[in-house]
Amino acid sequence: IPVEDFDLVIFGGTGDLARRKILPGLFHRYLAGQIPPEARIVGAARSEMDAEGYRAFTREALQEFAPNSCKDGGQVEAFLAMLSYVAIDARGDGGWKELAGLMRPDVVQAFYFSVAPALFGDLAERLHGHGIATEASRIVVEKPFGRDLESARQLNRGLAEYFTEEQIYRIDHYLGKETVQNLMAVRFGNVLFEPLWNAQFVDHIQVTVAETVGVGGRGEYYDKSGAMRDMVQNHLMQLLCLIAMEPPSKFDPDAVRDEKLKVIRALDPVAPEDIVRGQYRAGEDGPSYLEEVGDPRSTTESFIALKVHVANWRWNGTPFYLRTGKRLRARMSEIVVVFKEPPHSIFGDDAGRSANILTIRLQPDEGMTLQVTIKEPGPGGMRLIDVPLDMSFAEALGESGNQMPDAYERLIMDVVRGNQTLFMRGDEVEAAWAWTDPLIAGWEARRDKPQAYHPGTNGPEDSLMLLHRDGRRWRDLE
Ligand code: BG6
């Protein structure tokens, strides 16, 4: 279904995110027929460039990051014709008049702040001061949304001077992933799971976001953040919320976000022994973390595992184990719900026992598996084995060329549609920092050092112990 006509301004229009995600994402939506041809996309950045230059820049970006979609040159050119460019000075006056002249008052207006958070306030002020933003304009902001509660509050206050909460779309691209939305469909579109989705039937939950890449060229940013700020405070927290929240009364932005907020507020502080931090060593195929960030004394973590408790009626006593890290054995993100064993085995101990496990895989191959117990086929008596009930979303969607859309595609279209359900509300972000800050302050005060781990492994030994000592184990990274 096509969205309404719109003007989208991308501040940071020549940046890495624009090149890799935003422009290719818009192109895909254009190819899918979702973007009306009258819509306008305006790149805005510091570099002096004209519209032709920006089209050439975008053409290259599409060839690099969406090569399979560029086969029809006519379509590429038709998309590029929607683009224009303004050289803009975020902290001065240059370019703003020109930008004002490009905007059409009678269509949806969205401003994408794909720039350092330090510039959010400047952009907001100028959009307002030059009479460009209206009460109906929407702004999109990227992470990192602050580095602690105080800075997040400042950002929220800065934006709130010029925009209402209904105008602000804070992106967490994990919420745009198809499987993450499917998690809600699975939970609330079936009768099968919800009655069992609680401490009485769930033994524990694992959330893993494992990457094989290191910090690479992002060392300067990353070393000031670490896995806790870069991944847990936002992406893993969002996953945790969607798993743990109560059913919202409807699939509407505030109903969903209210429930997520309650989960964050119910999180217990995490004890020091329930936190494992790690840093990757050098391997055959790459330098160590310390070499990559260029600081031999850095104590920033490239891996973190946590045992977390949601202190409410539904989840009392059910641990949520979270882990994320770089340079691990495999690129794999999944949510695993491990159900309790049946209370009594009528088949006797010799038959074997096992538990139902629901695995929701975000990447690489999106899908869901439910492990169920059946009888081992054959005449050998009653022996129980586990078999997977598998559903690959790609297969289920058929081979109609119906590629899984990238998270950004979905989210940008939601901005145009004015749907905030998959965006973080200001109070959610603040609550997440309020939980994160004392954990970070704790290990800083204790001067805890991250444990070194070998690249291509499951991370530090202690993270395995985090589950072993509870009689559990992580799922293999594969
Ligand atoms: C980003 C982090 O938000 O998410 C990166 O800053 C990380 O460090 C990335 O690599 C992971 O996203 P995805 O979609 O590749 O899992």
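Residue numbers start at 1 and run along the sequence shown. Start at 1 and go down the list; that is how both ligands and their atoms are numbered.
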- Message: Which residue is it: F423, F111, F163? I am looking for the one with a ring pair (Phe, Tyr, Trp, His ring centres under 6.0 Å) to Y169.
- Response: F423
- Message: Test your reading of the model: is there a side-chain donor-acceptor pair from T164 to the backbone of A160, 3.5 Å cut-off?
- Response: no
- Check whether NZ of the Lys or CZ of the Arg K143 lies under 6.0 Å from the centre of the six-membered ring of F145 and within 45 degrees of that ring's axis. no
- Could you tell me whether some N/O pair between Y221 and ligand 1 is separated by less than 3.5 angstrom? no
- Query: Side chain, backbone, both or neither: which part of E142 has a heavy atom under 4.0 Å from ligand 1?
  - Reply: neither
- Query: Considering only protein heavy atoms, which is closest to atom 12 (O) of ligand 1, and at what distance to one decimal place?
  - Reply: H173 NE2, 3.2 Å
- Query: Got a salt bridge between R314 and E194, using NZ or NE/NH1/NH2 to carboxylate O under 4.0 Å?
  - Reply: yes
- Task: Could you tell me whether D476 and R329 make a salt bridge, using a distance below 4.0 angstrom between a side-chain N and a carboxylate O?
- Result: no
- Task: Return the residue, atom name and 0.1 Å-rounded distance of the protein heavy atom closest to atom 10 (O) of ligand 1.
- Result: E211 OE2, 2.5 Å
- Message: Check this for me, if you would: do E334 and R475 make a salt bridge, where the nitrogen-to-carboxylate-oxygen distance has to be below 4.0 angstrom?
- Response: yes
- Task: May I ask you to identify the nearest protein heavy atom to atom 15 (O) of ligand 1, giving residue, atom name and distance to one decimal place in Å?
- Result: R331 NH2, 3.5 Å
- Query: Do any nitrogen or oxygen atoms of S333 lie less than 3.5 angstrom from nitrogen or oxygen atoms of ligand 1?
  - Reply: no
- Message: Suppose I only count heavy atoms of K143 and a 4.0 Å limit; which atoms of ligand 1 are within that range?
- Response: 1 (C), 2 (C), 3 (O), 6 (O)
- Message: For D258, is there an ion pair with R425 - N to carboxylate O distance below 4.0 angstrom?
- Response: yes
- Item | Contact atoms of ligand 1, heavy-atom distance to H235 under 4.0 Å | 1 (C), 3 (O), 4 (O)
- Task: Distance to 0.1 Å, residue and atom name: give those for the protein heavy atom nearest to atom 16 (O) of ligand 1.
- Result: Y174 OH, 2.4 Å
- Note on the structure: Among L362, D230, D172, the residue with a heavy atom nearest to atom 8 (O) of ligand 1 is D230
